[in-house]
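Right, one structure below, let's go through it.
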Amino acid sequence: MSHQELSEQEIIRRNSLQKMRELGIDPYPAAQYHVNTTSAKIKAGFAKNENNFQDVVIAGRMMSQRIMGKAAFAEIQDHEGRIQIYVNRDEICPGEDKALYNEIFKKLLDIGDIIGVKGFAFITQMGELTVHVKELTVLSKSLRPLPIVKEKDGQTFDAFTDPEQRYRQRYVDLIVNPQVKDTFMKRTVIYNTMRQMFNEYGYHEVETPILQPIPGGAAARPFITHHNALNMPLYMRIANELYLKRLIVGGFEGVYEFSKDFRNEGMDRTHNPEFTVMEIYVAYKDYKWMMEFTEEICERVAVALHGTTKVQLGDHVIDYKAPFPRVTMTEAIKEHTGYDITGKSEAELRDICDKLGIETDPSMGKGKLIDEIFGEKCEGNYIQPTFIIDYPVEMSPLTKKHREHPELTERFELMVNGKELANAYSELNDPIDQRERFQDQLSLSEKGDDEAMFIDQDFLRALEYGMPPTSGMGIGMDRLTMFMTNSPSIQDVLFFPQMKPEKKAVELTEDEKIVHNLLQETSPVELNELKTKSELSNKKWDKAIKGLTSKKVAKVENTGAGLSITIL
RNA sequence: GACUCAGUAGCUCAGCUGGUAGAGCACAUCCCUUUUAAGGAUGGGGUCCUGGGUUCGAACCCCAGCUGAGUCACCA
């Protein structure tokens, strides 16, 4: 990057860096810096025992600086918060040489630089707990100015709020917006709470493949990739269900996995292409047991985060106090639409959809139609935690048939705030039934449902060896985190939400611009056609198109039928 | 994918009816030894998202595009 592209402030900071080196200060020292406490520990402990804080060493990022002649105040932010420091010229420079204060601290250090200080804690005349600095060490020079967010009496000034910048430069967001960091700390507390609980129960945390030859366990469009050495397609996993159940077959009686899943579908406030699911499978249990287990998870997580089962979420207070109501899908639909779907045929269900104003298409089977009715008319009504239970068999190909109603399955979804939070079954372990259900999915697929499941022969083989009765459950961890931290968007609970890559404006020559404009009208386009349209000479054409490809603005591909040019 | 809104200094934002681009913070120089969204003085800093068009003249109006956000659709 040339100096011309740098802003004035960036140039000044690079110059400061240079001057620092000239003064014999290493702006990026290698040696370990021995910190002996943190901002939060000083704040928590000073009032109880001042003597414990007469020799403190802390390090962090300088977030503000108030210089008054021979003395100055600054704030240091470490991983637990901020604390003020007091810097006096004659104390950090006891001899004749005052350069460390006059030059380094006052002029060459900037907001954002990382420093370490040694000193003692005291209270200023204004009542602020402060570290009186005896020794100051430069630990890392920052070359870019940070947004300066200020706060007074709970009011925030000049907040760094632009969502695009916050998501693209999450590191900056984390530095200047403490509430953002807090959300991610809470996310970790949620994981730790759940892990601890599962481990208390004696279940094993395991890992299963992300690259799979057959994407199974859910109805979703997968990402596809290619393995060069094997020369075969591989899919990114959409769920881990089928692998975890293989482990139950293998003799584990309780397994769980926190797993990144990938779905090649739309993105919005609640969907990111990669997201995290926790799936757990426990042998000799059924979905009724799993409901109580799920209640315990919710209660423990809420209490770990908030000290209570009541959690604010938007305009609602969600109470995760067990037990949650159990409502069958049939009851739910009857309650919110007035229609009883019991024993209805596909045609009758389609008729109900028409009357309710729900669009249908011929690829939808019975299960999908019922799912549509529920999703359209019922789902949004369940704000407080509610188990919706006993789903139609068509929409649950991996679930055991209901012990009393063979047209239903032993399945529940936990609804919170009108959205699905968890999904669980008494797992289907009859291999012959399972094979038939897969066959049914296949015929759905042939009807045009591109989410219907593939047949996983190896999974069927595993079931044929015998799987104990098992209950399994999955929780969307991102959604759980959103609910538990009152975050309105999934981007607020993912450090690095998926975004389009940043595009830099590229300088184009006149001829390149002509070709580029034509490409904006039609792309991809056949090479000779584009060349004719551009009306450029052979030489100019060649130069223009080579320029565009080298600047990664366009790409030339051999399609077999000829050369085709695509805009990037 | 559709619609709506937005893009101006490092950050947050003004910018009237189209007429030489502004403020606060930050930055630079200076004053000040317990300040605290420090204060005071002076100064520097701009591809007004990009490309066209209208116009004597465009940050502003029109068209196209890019990026983001929101709503909806799709999607467990």
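Each chain gets a letter, A, B and so on, in the order the sequences are listed, and its residues count up from 1.
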With a 4.0 Å cutoff (strictly under), does any side-chain N or O of [X] reach OP1 or OP2 of [N]?
X: Gln84(A); N: rU34(B); value: no
X: Arg66(A); N: rU35(B); value: no
X: Gln165(A); N: rC11(B); value: yes
X: Arg269(A); N: rU71(B); value: yes
X: Arg168(A); N: rG68(B); value: yes

Please pick, from [options], the nucleotide with the shortest atom-to-atom distance to any side-chain atom of [X].
X: Met499(A); options: rU34(B), rC27(B), rA69(B); answer: rA69(B)
X: Met68(A); options: rA38(B), rG68(B), rG10(B); answer: rA38(B)
X: Met126(A); options: rU33(B), rU35(B), rA28(B); answer: rU35(B)

Any base atoms under 4.0 Å from [X], or only sugar-phosphate, or nothing? Heavy atoms, all strands.
X: Ala72(A); answer: nothing
X: Thr161(A); answer: sugar-phosphate
X: Lys419(A); answer: nothing
X: Phe122(A); answer: base

Please give, in whole Å, the distance from [N] [atom2] to [X] [atom1]?
X: Met62(A); N: rU36(B); atom1: CE; atom2: C1'; result: 15 Å
X: Lys106(A); N: rU33(B); atom1: NZ; atom2: C1'; result: 11 Å
X: Asn264(A); N: rC74(B); atom1: CG; atom2: P; result: 18 Å
X: Asp162(A); N: rC11(B); atom1: CG; atom2: P; result: 9 Å
X: Glu128(A); N: rU33(B); atom1: CD; atom2: P; result: 21 Å
X: Met267(A); N: rC72(B); atom1: CE; atom2: P; result: 17 Å
X: Lys19(A); N: rA28(B); atom1: NZ; atom2: P; result: 9 Å
X: Leu129(A); N: rU36(B); atom1: CG; atom2: P; result: 17 Å

What distance, rounded to whole Å, do you find between the two [atom1] atoms, one in [N] and one in [M]?
N: rA14(B); M: rC60(B); atom1: C1'; answer: 14 Å
N: rA64(B); M: rA28(B); atom1: C1'; answer: 42 Å
N: rU50(B); M: rU55(B); atom1: P; answer: 23 Å
N: rU4(B); M: rG44(B); atom1: P; answer: 43 Å
N: rA41(B); M: rA59(B); atom1: P; answer: 32 Å
N: rC63(B); M: rA58(B); atom1: C1'; answer: 15 Å
N: rC66(B); M: rG19(B); atom1: P; answer: 30 Å
N: rG51(B); M: rC13(B); atom1: P; answer: 25 Å

Taking NZ, NE, NH1 and NH2 as the nitrogens, is one of them in [X] or [Y] under 4.0 Å from a carboxylate oxygen of the other?
X: Lys419(A); Y: Glu379(A); result: no
X: Lys98(A); Y: Asp90(A); result: yes
X: Lys134(A); Y: Glu91(A); result: yes
X: Lys245(A); Y: Glu427(A); result: yes
X: Glu346(A); Y: Lys366(A); result: no
X: Lys260(A); Y: Glu274(A); result: yes

Does one side chain, of Asn240(A) or Glu257(A), offer a donor that lies under 3.5 Å from an acceptor on the other?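 Yes.
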Between Ser39(A) and Asp78(A): side-chain donor-acceptor atoms closer than 3.5 Å: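 Per modelled atom types, Ser39(A) and Asp78(A) side chains form a pair under 3.5 Å.
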Taking RNA chain B as the partner, which of residues 379-393 of chain A come within under 4.0 angstrom of it by heavy atom?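 None, since no heavy atom is under 4.0 Å.
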If you assign each of Glu75(A) and Asn88(A) to its closest nucleotide in RNA chain B, which residue comes earlier from the 5' end?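 Its nearest nucleotide lies further toward 5', so the answer is Asn88(A).
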5' precedence on RNA chain B between Asp110(A) and Tyr86(A) (nearest-nucleotide basis):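 The residue whose closest nucleotide sits nearer the 5' end is Asp110(A).
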Any-strand Watson-Crick or G-U partner of [N], both distances under 3.5 Å:
N: rC56(B); value: rG19(B)
N: rC72(B); value: rG1(B)
N: rA6(B); value: rU67(B)
N: rU34(B); value: none
N: rC27(B); value: rG43(B)

Under 30°, 30 to 60°, or over 60°: which ring-plane class applies to Phe105(A) and Tyr101(A), parallel, tilted or perpendicular?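 Phe105(A) vs Tyr101(A) ring planes: parallel.
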Anything under 30° is parallel, anything over 60° is perpendicular, the rest tilted; go ahead and classify His132(A) against Phe120(A).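 Ring orientation of His132(A) relative to Phe120(A): parallel.
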By the definition side-chain contact (heavy atoms from CB on, under 4.5 Å), identify the one residue from Leu313(A), Leu421(A), Ile490(A) that meets it with Met482(A).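 Of all the options given, the one that passes is Ile490(A).
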Contacts under 3.5 Å, N or O only, protein and nucleotides 22-26 of chain B:
residue : atom : partner   : partner atom : Å
rG24(B) : N2   : Asp158(A) : OD1          : 3.4
rG24(B) : N2   : Asp158(A) : OD2          : 3.3
rC25(B) : O3'  : Lys150(A) : NZ           : 2.7
rC25(B) : O2'  : Lys150(A) : NZ           : 2.8
rA26(B) : N3   : Gln9(A)   : NE2          : 3.1

Run the ring-centre check on Tyr382(A) versus His336(A) and record whether the distance is less than 6.0 Å.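 Yes - the distance between ring centres of Tyr382(A) and His336(A) falls below the 6.0 Å cut-off.
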